[in-house]
Amino acid sequence: NAGVTQTPKFRILKIGQSMTLQCTQDMNHNYMYWYRQDPGMGLKLIYYSVGAGITDKGEVPNGYNVSRSTTEDFPLRLELAAPSQTSVYFCASSYGTGGYYTFGSGTRLTVV
Amino acid sequence: DAKTTQPPSMDCAEGRAANLPCNHSTISGNEYVYWYRQIHSQGPQYIIHGLKNNETNEMASLIITEDRKSSTLILPHATLRDTAVYYCNWGKLQFGAGTQVVVTP
């Protein structure tokens, strides 16, 4: 049982490039989430999903896209990277509304 | 809007109890209060949760007021490894800024 796995752990992007941050969980959780955390700040919700095929925006969705084709996977797509997207990205999952979050170890992204 | 209010920082001496308050005055009746901690830049880690009764596990104790508008996380014997940012959360989705706890020798 690996929990929530995020790849890559580190990435440097040039402005305008695109990339996908991968997130997979093996706990059969139906809820999954993407957060970003800027230096010294708290967690801000980007997107979340309550099940395969269902996604919804959080408080900072601009510049990002997600998809949820399977229960296990919830990739986050950056289409045109901007310096403002330099951050640490955390994926999390939970078993419905009554379960606590399990977080991944994060992806540290730098856009230059 | 699942707002919580926590003090931005707190110091604690090693071996002493650390009491971390959280105000969640707008919590609805059926929502649990969750506590997490984040050590350095790692992913946040679940600590404990509760609805209305006090809870205890191997990591901490949770005291929830009778009106459920606030709670206190208690680390009974703080160690240097408890230095972290602690978040309380309800209604999922949103997290506040948390409390930076520094445990000193």
Side-chain angles (χ1 to χ4, degrees), chain A residues 2-7 9-10 21 23-25 27 29-51 55-61 66 74 86-110, chain B residues 1-9 20 22-24 27-53 55-60 62 64 71 73 83-102:
Chain A
V4 177
T5 302
Q6 292 185 239
T7 57
K9 293 192 184 303
F10 303 93
L21 283 67
C23 175
T24 188
Q25 52 93 8
M27 299 170 286
H29 285 171
N30 46 355
Y31 282 54
M32 295 188 74
Y33 317 83
W34 274 105
Y35 288 88
R36 60 176 285 174
Q37 186 174 39
D38 298 333
M41 305 296 285
L43 298 161
K44 293 187 176 180
L45 181 67
I46 306 171
Y47 271 96
Y48 67 102
S49 169
V50 301
T55 62
D56 211 344
K57 296 178 180 179
E59 54 182 317
V60 290
V66 293
F74 191 40
T86 293
S87 190
V88 180
Y89 291 84
F90 290 104
C91 178
S93 70
S94 69
Y95 185 67
T97 57
Y100 60 83
Y101 284 21
T102 299
F103 282 85
S105 57
T107 294
R108 186 177 299 275
L109 176 68
T110 302
Chain B
D1 193 8
K3 291 282 190 189
T4 57
T5 303
Q6 298 178 255
S9 64
L20 283 63
C22 178
N23 181 289
H24 35 78
I27 192 170
S28 56
N30 60 349
E31 293 283 1
Y32 284 79
V33 178
Y34 296 84
W35 282 82
Y36 299 83
R37 74 177 183 183
Q38 186 176 29
I39 297 174
H40 197 42
S41 295
Q42 299 176 22
Q45 174 192 21
Y46 163 78
I47 301 172
I48 197 168
H49 72 282
L51 183 62
K52 56 179 70 174
N53 298 319
E55 302 288 345
T56 295
N57 63 20
E58 65 278 6
M59 293 181 67
L62 175 61
I64 302 173
S71 61
L73 180 75
T83 291
V85 178
Y86 289 78
Y87 300 96
C88 76
N89 164 272
W90 68 272
K92 296 295 184 73
L93 299 186
Q94 295 186 32
F95 284 76
T99 297
Q100 171 69 64
V101 173
V102 176

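Keep in mind the model is a prediction, meaning the values are calculated, not measured. Proteins get letters first, then strands, A, B, ... in listed order; numbering begins at 1 in each.
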- Could you tell me the separation between the OG1 atom of Thr102(A) and the OH atom of Tyr36(B), rounded to the nearest 0.5 Å? 8.0 Å
- Per-residue contact mode, Gln6(A) against chain B (heavy atom under 4.5 angstrom): neither
- Note, Ser41(B) side chain near Val88(A) side chain (heavy atom, < 4.5 Å): no
- Message: When you compare the side chain of Gln42(B) with that of Phe90(A), does any pair of heavy atoms fall below 4.5 Å?
- Response: no
- Query: When rounded to the nearest 0.5 angstrom, what distance separates OH in Tyr34(B) from OG in Ser94(A)?
  - Reply: 7.5 Å
- Query: Parallel, tilted or perpendicular: which describes the rings of His49(B) and Tyr100(A), with under 30° parallel and over 60° perpendicular?
  - Reply: tilted
- Message: For Tyr101(A) and Phe95(B): C-alpha separation, side-chain torsions, deciding distance, then whether side chain to side chain contact (heavy atoms under 4.5 Å, CB included) applies.
- Response: CA-CA 12 Å; Tyr101(A) 284 21; Phe95(B) 284 76; 3.6 Å; yes
- Message: Quick check on the interface: out of Gln37(A), Arg108(A), Met41(A), Glu59(A), who has the most heavy-atom pairs with chain B under 4.5 Å?
- Response: Gln37(A)
- Atom group of Leu45(A) that falls short of 4.5 Å from chain B, counting heavy atoms: side chain
- So what's closer than 4.5 Å to chain A heavy atoms on Gln38(B): side chain, backbone, both or neither? side chain
